[in-house]
Structures are given as structure tokens and as C-alpha cells.
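This report refers to the structure that appears directly beneath it.
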Amino acid sequence: MNILSIETSCDETSVCISNDLDIKSLFISSQIALHSQYFGVVPELASRAHIENINFVIKQALDKAKISFDSFSSKIDAVSFTVGPGLAGALLVGALAAKTLSFVYKKPLIPVHHIEGHLYSSFIENGIVNPPFLGVIVSGGHTELIIVEDFGKYTLLGATRDDAAGEAFDKAAKMLGLSYPGGPVIDKKAQKGNPDAIAFTRPYLKDSWDFSFSGIKTALLNYLKKNPLKGENHLNDICASFRQSISETISFKAFEAAKKYNLKKIAMGGGVCANSLIRKMFETLAKKNKMKLYMPSLLYCGDNAAMIGIAAYLKQKKYGLKFGETQLKPSPSLILENW
Ligand code: KG4
Ligand code: ZN
């Protein structure tokens with residue numbers, strides 16, 4: 001099945017053409033340059049940029065897959081799009097573009113929950129991972145542990161009570177005078193620092209699978225008040241210690257959950273999954289616990305339409321192609337529901 005997929009939930013305008021699990025073309029237009037001066041995504045600016053970019057991005061993805069608007073009808077079987085959660089205005093742009101293509105070319109629409117895209121993003125390069133497995137989603141907006149019992153059958157074990165992991169990296173970077181997004185910058189500086197230099201808390205939240213990263217952020221703020229930055233080595237040590245705390249917390253809780261629920265496979269997704277220490281820790285712990293680990297490569301960690309295409313493919317395989325109007329309505333706070 002050939003699917004054209006659209007992702008516009010946050011600050012990436014992305015379109016993908018896929019054939020089942022095979023990615024024919026993927027185009028991602030990032031708005032990082034636009035938002036970096038504000039140290040975070042400005043929703044109104046994001047919506048405007050999606051509107052400016054969406055036609056161009058659709059055209060680029062089609063061109064790369066050697067599909068023209070004339071051959072669209074014969075070459076594309078369905079159109080999928082991120083229906084939520086995300087920024088309201090941003091979601092609307094992708095939904096409108098998808099609905100227009102669906103209306104003009106008379107193609108069925110497949111709505112996809114953004115988290116489902118991240119959950120299945122590692123399938124692009126690894127092939128289908130058969131459930132059950134533990135889904136570990138770590139991004140700028142989400143930090144969640146989800147048991148995938150079957151495709152479309154989920155149990156949410158825990159989520160962040162305050163900041164998402166990526167958000168914590170982004171806010172820490174701002175405090176340290178570093179650029180946005182903070183995750184990649186802190187990751188890079190951390191590689192030259194001492195992870196044991198500062199003992200930031202490890203918020204394990206005993207007896208809960210939830211996360212809470214706002215405490216580490218406050219600990220950093222308090223530390224900086226008492227110990228103003230004094231040069232590059234000091235900055236590297238802070239980055240390394242901060243990254244260590246977040247990475248240990250996520251990996252400890254994920255593997256405890258996998259052990260507790262007797263899950264032998266872990267699939268990761270989300271922008272923070274690009275973190276070099278988190279990747280290393282998960283690889284080491286998976287080996288130690290004899291579990292299989294599936295991670296997307298860096299290209300597919302962050303928001304992209306290819307992961308939406310994979311989730312859409314799995315969804316239509318199980319569910320068919322008929323979705324009610326309410327399921328096609330973009331929703332900023334959409335809950336991950338079972339199909
Ligand atoms: O998945 P994503 O592109 O967007 C959301 O759905 O939120 O994730 C973006 C987040 C940002 O907060 C960014 O700082 C973080 O992913 N990120 C990283 C790294 N690369 C991106 N965090 C830690 N280490 C990285 N290497
Ligand atoms: Zn995302």
C-alpha cells in the first residue's frame with residue numbers, strides 16, 4: 001500500500017511517501033532557526049511556518065518518489081496525517097492538507113496518533129517488531145512507558161508529571177546560555193565533561209512508573225546560583241552531570257518496568273532517543289538483561305512523517321480504511337486509545 005503521510009504536530013513540516021514499511025521519500029522542513037531565538041517553539045509562528053511550507057514539502061516528497069499530481073491517483077492509495085496530540089494550529093495545517101488531497105484524489109484518510117508514530121519508528125530500519133514489547137517514548141513533549149500488547153492495544157504505565165525529558169534538556173540549555181534545542185548541545189558538551197562532578201538528583205519516584213524532571217531543573221538553577229559558570233571545563237562538567245542524571249533515571253525505570261512485566265523487547269522513539277548516553281545505557285542494559293532493543297537511527301528519532309506512514313500502514317492493516325469523522329478531527333490533547 002502506498003501512503004502519503006503528513007506530520008505537522010510541532011515544529012517540523014514533514015511529508016513521506018511509503019510503500020508498506022519501505023520509505024520511498026521523506027522530506028523534513030525544520031523550524032529550529034525560527035524558534036531558537038525564543039528558546040522554545042512559539043505556537044503561532046509554528047502554524048504560520050507550516051502554512052508557508054506545506055505545499056513545497058508535499059511537492060518535494062512527491063518529486064523524490066517520482067510521483068506527479070497527474071499520477072497521484074494511480075500511485076497513492078491513502079493519505080495519513082498526525083491527528084494529535086500537538087499544537088492546535090500546527091495540527092490543523094497538516095489535517096487540512098491531508099483532507100484536501102483526500103478530497104481531490106478521492107483517497108481514504110488514516111488519522112495517526114503522534115505517539116504511535118514514535119512507538120513504531122524503529123520498525124523503519126528493523127522491520128516489524130512483534131508485540132508484546134515496552135515502548136519508551138522520550139521527546140520534547142512526552143516521556144512515557146507504554147506496554148504495547150498488540151498493535152493498537154496499549155497500557156500506559158507511566159508518564160512525566162511535569163517536564164518531558166527533552167523539555168528539561170531545553171530549559172537547562174537556556175539556563176546555561178546554550179542554544180535551542182538544548183538536547184543535542186548538552187549531549188555534545190557532556191562528552192567532554194565529568195558525569196560525577198555534580199550530584200544532581202535521580203528522581204526515581206518509587207512505587208510509580210511516572211517521571212518528574214522539574215526537580216533536576218531546579219537543582220541546576222540552585223547550583224548555578226551558588227556556583228556561577230567559570231569557563232568551558234565547568235560547563236562541560238555540568239552538562240555531563242545533568243545528562244547522566246536524566247539518562248540514568250530513564251534507563252533505570254524502563255528496564256525495571258520491562259523486568260516487572262516480563263517484556264523481552266524494548267522499542268524506543270522520540271527526539272531524546274538521539275542522546276548518545278541514553279543509547280549507550282540502553283544498549284548495555286539490554287545486553288545485560290538479555291532483552292532485544294530497537295532504536296530508530298538519528299534521522300527517525302525526532303518528528304518525521306515516515307513514522308506516521310508506518311503507524312498508518314499497521315493501522316489500516318488491522319482496522320481497515322474506514323474512520324469516522326470524529327476520529328479525523330485534530331485534537332491537541334488526544335489520548336492514546338486502543339483501536
Ligand atoms: O521528538 P521530537 O523531535 O519532538 C517532540 O515530539 O517533542 O523531540 C525534540 C526534543 C527536543 O527537546 C530536543 O532537545 C531533544 O528532542 N533532543 C535531544 C537530543 N536530540 C534532540 N535530547 C537529548 N539529547 C539529544 N542528542
Ligand atoms: Zn514527537
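Ligands are counted one by one from 1 in listed order, and the atoms in each one are counted from 1 as well. FYI, side chains are in, hydrogens and waters are out, and symmetry mates aren't considered; it's all heavy atoms of this structure. This is a predicted model, so every value here is computed, not measured.
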May I ask you to say whether [X] pairs ionically with [Y], meaning some side-chain N is under 4.0 Å from a carboxylate O?
| X | Y | value |
| --- | --- | --- |
| Glu167 | Lys171 | yes |
| Lys259 | Glu256 | yes |
| Lys287 | Glu283 | no |

Distance-only donor-acceptor check, side chains His114 and Ser9, under 3.5 Å: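 Result is yes, a qualifying pair exists.
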Quick one: do the Asn304 and Ser14 side chains pair a donor with an acceptor below 3.5 Å?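 No, Ser14 and Asn304 have no side-chain donor paired with an acceptor closer than 3.5 Å.
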N/O of [X] under 3.5 Å from N/O of ligand 1, yes or no?
| X | answer |
| --- | --- |
| Ser276 | no |
| Gly140 | yes |
| Gly141 | yes |

Can you sort out which atoms of ligand 1 are near [X], meaning under 4.0 Å from one of its heavy atoms?
| X | value |
| --- | --- |
| His118 | 1 (O), 6 (O) |
| Asp187 | 26 (N) |
| Gly166 | 12 (O) |
| Phe169 | 22 (N), 23 (C) |
| Ser139 | 1 (O), 5 (C), 6 (O), 7 (O), 8 (O) |

Report yes if the side chains of Ser179 and Ser36 come closer than 4.5 Å at any heavy-atom pair, otherwise no.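 With C-beta onward as the side chain, the pair stays apart.
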Heavy-atom distance under 4.5 Å between the side chains of Ile3 and Asp77, does that happen here?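 No, every pair of side-chain atoms sits at 4.5 Å or beyond.
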Which class fits the ring pair Phe282 and Phe255: parallel under 30°, tilted 30 to 60°, perpendicular over 60°?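 Plane angle between 30° and 60°, so tilted.
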Fit a plane to each ring of Phe242 and Phe169, take the angle between them on a 0 to 90° scale, and name the class: parallel (under 30°), tilted (30 to 60°) or perpendicular (over 60°).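 It falls in the perpendicular class, over 60°.
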Pick, from Gly183, Ala173, Pro85, Gly302, the option with the minimum heavy-atom distance to atom 25 (C) of ligand 1.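 Closest candidate by heavy-atom distance is Gly183.
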Touching ligand 1 at all, [X]? Heavy atoms, strictly under 4.0 Å?
| X | result |
| --- | --- |
| His114 | yes |
| Lys188 | no |
| Cys10 | no |

I'd like a table of donor-acceptor pairs (distance under 3.5 Å, sequence neighbours excluded) in which one partner is a side-chain atom from residues 92-102, with atom names and distances.
{"residue": "Lys99", "atom": "NZ", "partner": "Leu328", "partner atom": "O", "Å": "3.2"}
{"residue": "Thr100", "atom": "OG1", "partner": "Leu96", "partner atom": "O", "Å": "2.7"}
{"residue": "Ser102", "atom": "OG", "partner": "Lys107", "partner atom": "O", "Å": "2.8"}

Is a side-chain N or O of Thr143 found less than 3.5 angstrom from the main chain of Ala165, in a donor-acceptor match?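 Yes; judged by distance alone, with no hydrogens or angles, the pair exists.
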Enumerate the protein N/O/S atoms at a distance below 2.8 Å from the Zn ion (ligand 2), ignoring waters.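 Under 2.8 Å from the Zn ion (ligand 2) - ignoring waters, which are not counted - the protein N, O or S atoms are His114 NE2, His118 NE2, Asp303 OD1.
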